[in-house]
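What follows is a short report on a single structure.
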Amino acid sequence: MEHTNARIETRVIHAGQQPDPITGAVMPPVSLSSTYIQKSPGQHAGYEYSRSHNPTRYALERSVAALEGAHVADDPSHGGLAFSSGMAATGTVLELLSAGDHLIAMDDLYGGTNRLFSQVRQRSQGLMITYLDMTSGPDALEQAITDRTKMIWVETPTNPTLKLVDLTAVAQVAARHGIISVCDNTFATPMLQRPLAFGFDIVAHSATKYLGGHSDVVGGLTITNRPDLQQRLRFLQNSVGSILSPFDSYLVLRGIKTLALRMQRHCENAQQIAEWLEQHPRVTRVTYPGLPSHPQRDLARRNMFWVDEADGTGRRPAGGGMITIWLDGGLDESRRFLEAVKLISLAESLGGVESLIEHPAIMTHASVPPDQRRTLGIDDNMCRLSVGIESVDDLLADLEAAFKSI
Ligand SMILES: *Cc1c(COP(=O)(O)O)cnc(C)c1O
């Protein structure tokens, strides 16, 4: 019973997991053993050594494969793989490339992804990297492709400017040229957006964010529907050793059980707060994919929606839980505002049950070169809000009190 045909609200709870065959335990046990007994040399039950095979990690990997709509037959994880962090997942995906290969990446990326690409793999792996604003459509992407282009990497919505990439268009260009397409789906989660369904080859996640959901575990994931890529990624995961521990696999699996409920509340709260912020005199600009004012509103509706509604009809658009605002003022006003919030914590990261706020230029995106930050609009008056699942009234009151103090 893999529940792959069930609705996503059911899959978050059941997919990839069966009661333990020996004890009947409903939750997959945390399987800590590093090694497994063999009857005779080479004769084992599918488990040799825990870096290579682990039942708790497999359960998580099958769960996320089902959520992203992957099912690689003959693979114990069905196309999912769990890593020690989102960056470890990203780094392992890059190992699919060879020295001298060309990678085209969205110009607005998670700061750590930008750092890994530009400051590590360009040097250690000899990758050639082009950063491209892919919001302008497929023509610019076509023109950037060379004989050496082997991978296209996108994030959508992007971090922190919440720009969107046309997933269908990018996947079509990549497929036409035989280029591996990768989408970091951390912000939208499979509840709202499933890149494989748009034709992408690989989905990457920081499980630290919405999938874990409780700000108590660091992890990363990849999901693919292509057996060749899954086989290669599994080989790389085992070779590099960047696996998620059994206990952390259990924590992410536990978090995923409430993903559907949490995402609904994240989206409802964020929608209401974004609408409120847009009217606020101390805010000069709000970006949120659920607002009619989002510059790519139509694309937002095509990319992001509740995929499995209870009645099975239509698509209900959803904006996610992240909001970016530009305050009326500069660094001083931002500092005062960020020091004044009480319920909302000033902290990096996102996607947990609690609301967080941060200053990308000083915090999460400090590693992006200043001129690139300016081009992207990561200015001193920009703040990024990860809307949690608290009472929206309490969140609005906290924001209003903080605005009063600047
Ligand atoms: C946090 C994050 C990452 C990196 O994940 P870690 O788990 O922190 O290593 C990658 N991409 C996005 C979009 C993120 O938000």
Output yes when a side-chain donor or acceptor of [X] lies under 3.5 Å from a complementary backbone atom of [Y], and no otherwise.
X      : Y      : answer
Arg262 : Tyr210 : yes
Arg11  : Ala6   : yes
Asn238 : Phe235 : no
Ser136 : Asp133 : yes
Ser391 : Asp394 : yes
His214 : Gly212 : yes
Thr113 : Leu109 : no
Gln38  : Gly42  : yes
Asp107 : Met134 : no
Ser50  : Thr35  : no

Ignoring hydrogens and angles, state whether a donor on the side chain of [X] or [Y] is under 3.5 Å from an acceptor on the partner side chain.
X      : Y      : result
Glu275 : Gln271 : yes
His177 : Glu142 : yes
Thr23  : Asp20  : yes
Asn159 : Arg384 : yes
Ser77  : Arg234 : yes
Ser355 : Glu390 : yes
Glu354 : Ser215 : yes
Gln237 : Ser242 : no
Glu68  : Asn185 : yes

Practice task
Could you check Ser334 against Asn381 for side-chain hydrogen bond (donor to acceptor under 3.5 Å, both in side chains), going step by step and ending with a plain yes or no?
Solution key: CA-CA 6 Å; Ser334 298; Asn381 62 337; over 6 Å; no
Can you tell me if [X] has over 12 outside heavy atoms packed within less than 6.0 Å of its [atom1]?
X      : atom1 : answer
Arg254 : CZ    : no
Arg115 : CZ    : no
Asp74  : CG    : no

Smallest separation among heavy atoms of [X] and [Y], with atom names:
X      : Y      : result
Pro360 : Ile378 : CB-CG2, 3.8 Å
Pro160 : His365 : CD-NE2, 3.4 Å
Gly321 : Ala270 : CA-CB, 3.9 Å
Ile243 : Arg51  : CG2-O, 3.5 Å
Ala105 : Phe117 : CB-CE2, 3.8 Å
Val217 : Thr208 : O-CG2, 3.2 Å

As an exercise, state the distance from [atom1] of [X] to [atom2] of [Y], rounded to the nearest 0.5 Å.
X      : Y      : atom1 : atom2 : answer
Thr324 : Glu358 : OG1   : CD    : 8.5 Å
Arg336 : Ile406 : CZ    : CD1   : 7.0 Å
Lys150 : Leu127 : NZ    : CG    : 11.5 Å
Ile323 : Cys383 : CD1   : SG    : 12.0 Å
Arg62  : Leu253 : CZ    : CG    : 9.5 Å
Thr149 : His102 : OG1   : NE2   : 4.5 Å

Handout entry: Step-by-step side-chain hydrogen bond (donor to acceptor under 3.5 Å, both in side chains) determination, Gln272 to Glu268
Key = CA-CA 6 Å; Gln272 198 173 328; Glu268 282 164 22; over 6 Å; no
Practice task
Could you please spell out the steps behind the side-chain hydrogen bond (donor to acceptor under 3.5 Å, both in side chains) verdict for Ser31 and Thr56?
Solution key: CA-CA 6 Å; Ser31 188; Thr56 317; 4.7 Å; no
Are any of the side-chain nitrogens in [X] or [Y] under 4.0 Å away from the carboxylate oxygens of its partner?
X      : Y      : result
Lys163 : Asp108 : no
Lys342 : Asp398 : no
Glu61  : Arg57  : yes

Practice task
Let me know which of Ile104, Thr375, Asn114 forms a side chain to side chain contact (heavy atoms under 4.5 Å, CB included) with Tyr131.
Solution key: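 Result for side chain to side chain contact (heavy atoms under 4.5 Å, CB included) with Tyr131: Asn114.
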Exercise for the section: Using the side chain to side chain contact (heavy atoms under 4.5 Å, CB included) rule, pick out the option among Leu132, Ile152, Thr135 that qualifies with Met106. Expected result: Thr135
Does some side-chain heavy atom of [Y] sit less than 4.5 Å from a side-chain heavy atom of [X]?
X      : Y      : value
Gln125 : Leu94  : yes
Leu356 : Glu348 : no
Leu221 : Leu244 : no

Practice task
Evaluate the ring planes of Phe403 and Trp276, with Trp represented by its six-membered ring, and classify them as parallel (under 30°), tilted (30 to 60°) or perpendicular (over 60°).
Solution key: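 Plane angle between 30° and 60°, so tilted.
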Practice task
Classify the angle between the aromatic ring planes of Tyr47 and Tyr58 as parallel (below 30°), tilted (30 to 60°) or perpendicular (above 60°).
Solution key: tilted
Exercise for the section: Mind running side-chain contact (heavy atoms from CB on, under 4.5 Å) on Arg121 and Leu116 for me, showing each step along the way? Expected result: CA-CA 6 Å; Arg121 294 308 185 88; Leu116 176 66; 4.1 Å; yes
Problem - NZ or CZ of Lys209 within 45° of Tyr110 ring axis and under 6.0 Å - result: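 Geometry flag: set, cation within 6.0 Å and 45°.
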Practice task
Check the pair Trp306, Arg315 against side-chain contact (heavy atoms from CB on, under 4.5 Å), reporting the backbone distance first and the verdict last.
Solution key: CA-CA 6 Å; Trp306 294 105; Arg315 300 167 159 196; over 6 Å; no
Handout entry: Step-by-step side-chain contact (heavy atoms from CB on, under 4.5 Å) determination, Ile202 to Leu233
Key = CA-CA 10 Å; Ile202 298 172; Leu233 284 169; 4.1 Å; yes
Handout entry: Stepwise side-chain contact (heavy atoms from CB on, under 4.5 Å) check, Phe337 with Ile357
Key = CA-CA 10 Å; Phe337 176 69; Ile357 197 162; 3.7 Å; yes
Problem - Ring centre gap for Tyr288 and His294 strictly below 6.0 Å - result: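 Ring-ring flag for Tyr288/His294: false, centres at least 6.0 Å apart.
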Exercise for the section: Not counting sequence neighbours, which residues clear side-chain contact (heavy atoms from CB on, under 4.5 Å) with Thr156? List them please. Expected result: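 For Thr156, the residues satisfying side-chain contact (heavy atoms from CB on, under 4.5 Å) (neighbours in sequence not counted) are Leu164, Val165, Leu167, Cys183, Gln193, Asn303.
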